Amino acid sequence: MIWAPLRPLIRRPARFPIYSHFSSSVTPLLAIPSKDRGPAPTLPRMARGLPKKSKLRGVDKVVAVSSAKGGVGKSTVAVNLALSLAMQQKRVGILDTDIFGPSIPKLLNLSGGEPNVTESNKLLPLSNYGVKAMSIGFLLPNEESPVVWRGLMVMKALQQLLHDVEWDGLDVLVLDLPPGTGDVQLTITQQIVVDGAVIVSTPQDIALIDAVKGINMFKKVDVPVLGMVQNMSVFVCPNCNHETHIFGSDGVQREAERLGTEVLGSIPLHPRICTLSDAGTPVVVAEPDTANARAYKTIADKVLQKLGI
């Protein structure tokens, strides 16, 4: 294995309760009635124990693609967005931050690839279709190997994916975030400068519940929400061209208006998108002149405009 072993730092819990450190003459803060405590002090970021955000070396702009829910096609959107940006003559990379379920190796036909290491012990990303890529999936024995790690191991792996990859000059790095609003999302948004987030959802209410949570999370950590993508918006029958809104018709538009954000575009539910993704030949590469590919390119154009590049 080319990656150094991931050794979590385990600290023993304190033997004594915190109150043992107070003398008998000092009243613990929690014992003071809330009405008598006064306002909470305003502290700088570092004084509050939060890390200082920094830009990733060799990367100009970072865009996070999130859904906060699995199964809505987020990774497919992230890959086709990255490829569409590359078609605009931008230097683009994609970082798969889903430690437990990496999808980028298969979507970019890079399964089985193994990254090299520089003399300074940095990982060199793999590349296909003009996009650089890094994923924990490149470091596993095969795509069927599970990652059975506790939180500290996951965070150690994430730190190395964030800070130990030699991107060598990118205009845009797309982050494919895992489902949820937990440790991975919080670590990324607290440690690095994320220039914008794209939220992916189907029009279905059950998916939108989590998508809205994702939007609110990014607002809490001061990451601009560039807009929403309505995925699997409509199914067009290949025989009669009848349109069927399987997951509803306007759910994303409704929530975007309510939350004061924009719908960047809608992607149809089409079997070719699925088939080509499974084959490792995303639709914007395999069928660049189709309506399916143009839908992703429209989203990429709006993302570039919002990023100002």
Side-chain angles (χ1 to χ4, degrees), residues 63-88 94 103-104 106-109 129 174 176-177 179 196-215 225-306:
V63 175
V65 178
S66 172
S67 63
K69 187 174 188 68
V72 299
K74 166 191 55 64
S75 294
T76 301
V77 170
V79 165
N80 281 285
L81 171 61
L83 292 167
S84 298
L85 294 172
M87 290 177 178
Q88 297 280 3
I94 185 166
S103 302
I104 299 306
K106 185 172 182 63
L107 287 168
L108 285 178
N109 197 28
Y129 310 126
V174 176
D176 181 20
L177 298 187
V198 174
I199 310 299
V200 181
S201 179
T202 66
Q204 188 179 12
D205 286 347
I206 200 68
L208 285 164
I209 291 172
D210 289 333
V212 170
K213 291 176 183 176
I215 290 175
V225 176
L226 303 180
M228 300 182 72
V229 172
Q230 181 165 270
N231 201 27
M232 308 181 196
S233 60
V234 62
F235 172 73
V236 180
C237 177
N239 297 317
C240 66
N241 291 324
H242 177 72
E243 294 187 357
T244 302
H245 296 277
I246 295 175
F247 298 108
S249 59
D250 62 353
V252 172
Q253 182 66 49
R254 181 184 69 246
E255 288 300 319
E257 291 176 357
R258 184 177 71 85
L259 296 169
T261 190
E262 178 182 350
V263 176
L264 300 173
S266 295
I267 309 298
L269 178 61
H270 198 284
R272 289 297 291 167
I273 296 176
C274 176
T275 301
L276 292 170
S277 296
D278 286 346
T281 54
V283 66
V284 298
V285 172
E287 299 176 353
D289 297 323
T290 61
N292 294 331
R294 287 195 293 272
Y296 288 110
K297 293 175 182 177
T298 297
I299 295 168
D301 289 342
K302 291 183 179 180
V303 168
L304 286 176
Q305 182 180 7
K306 287 178 175 292

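Note that these values count all heavy atoms, side chains included, but never hydrogens, waters or copies made by symmetry. Everything numeric in this text was worked out from a predicted model, so none of it was measured. Along the sequence shown, residues carry numbers from 1.
With contacts defined as side-chain heavy-atom distances shorter than 4.5 Å, the pair L226/V303 qualifies. V72 has its side chain out of reach of Q204: every pair of non-hydrogen atoms, C-beta onward, lies at least 4.5 Å apart. A heavy-atom distance below 4.5 Å is not found between the side chains of V284 and Y129. Within the 4.5 Å cutoff, the side chain of M228 has heavy atoms near those of the L208 side chain. Residues K74 and V65 are in side-chain contact: their nearest non-hydrogen atoms beyond the backbone lie under 4.5 Å apart. Side-chain contact between T290 and R272 is absent, with no heavy atoms from C-beta onward closer than 4.5 Å.
In this structure, CE in M232 is found 13.0 Å from OG in S266, a value given to the nearest 0.5 Å. Here CZ of R254 is found 9.5 Å from CD of Q230. Values are rounded to the nearest 0.5 Å. Rounded to the nearest 0.5 Å, atoms CG (N80) and CG (L85) are 11.0 Å apart. Rounded to the nearest 0.5 Å, atoms CD1 (I215) and CG (D210) are 11.5 Å apart. Here I206 contributes atom CD1 and F247 contributes atom CZ; the two are 12.5 Å apart, rounded to the nearest 0.5 Å. For the atom pair L269 CG and T202 OG1, the distance stands at 10.0 Å (nearest 0.5 Å).
In terms of heavy atoms, I267 sits closest to Y296 at CG2-OH, 3.4 Å. When all heavy atoms are compared, the tightest approach of A286 to L276 is CB-CD2, 3.8 Å. Taking all atoms of both residues into account, the shortest heavy-atom contact from L177 to S66 is CD1-CB, 3.9 Å. For the pair H242 and T244, the tightest heavy-atom approach, listed with the atom from each and the gap, is CD2-OG1, 3.4 Å. What you find for L108 and V79 is that their closest heavy atoms are CD2-CG1, 3.8 Å. Nearest heavy atom pair, residue E262 against residue K302, reads OE2-CD, 3.8 Å.
Put simply, the side chain of H245 gets close to the backbone of S233: a donor and an acceptor are under 3.5 Å apart. Under a 3.5 Å cut-off, the side chain of K297 and the backbone N or O of P288 do form a donor-acceptor pair. Under the 3.5 Å distance criterion, the side-chain polar atoms of K69 are left unmatched by any main-chain donor or acceptor of S201. In this structure a side-chain-to-backbone donor-acceptor pair under 3.5 Å is missing from S277 to L107.
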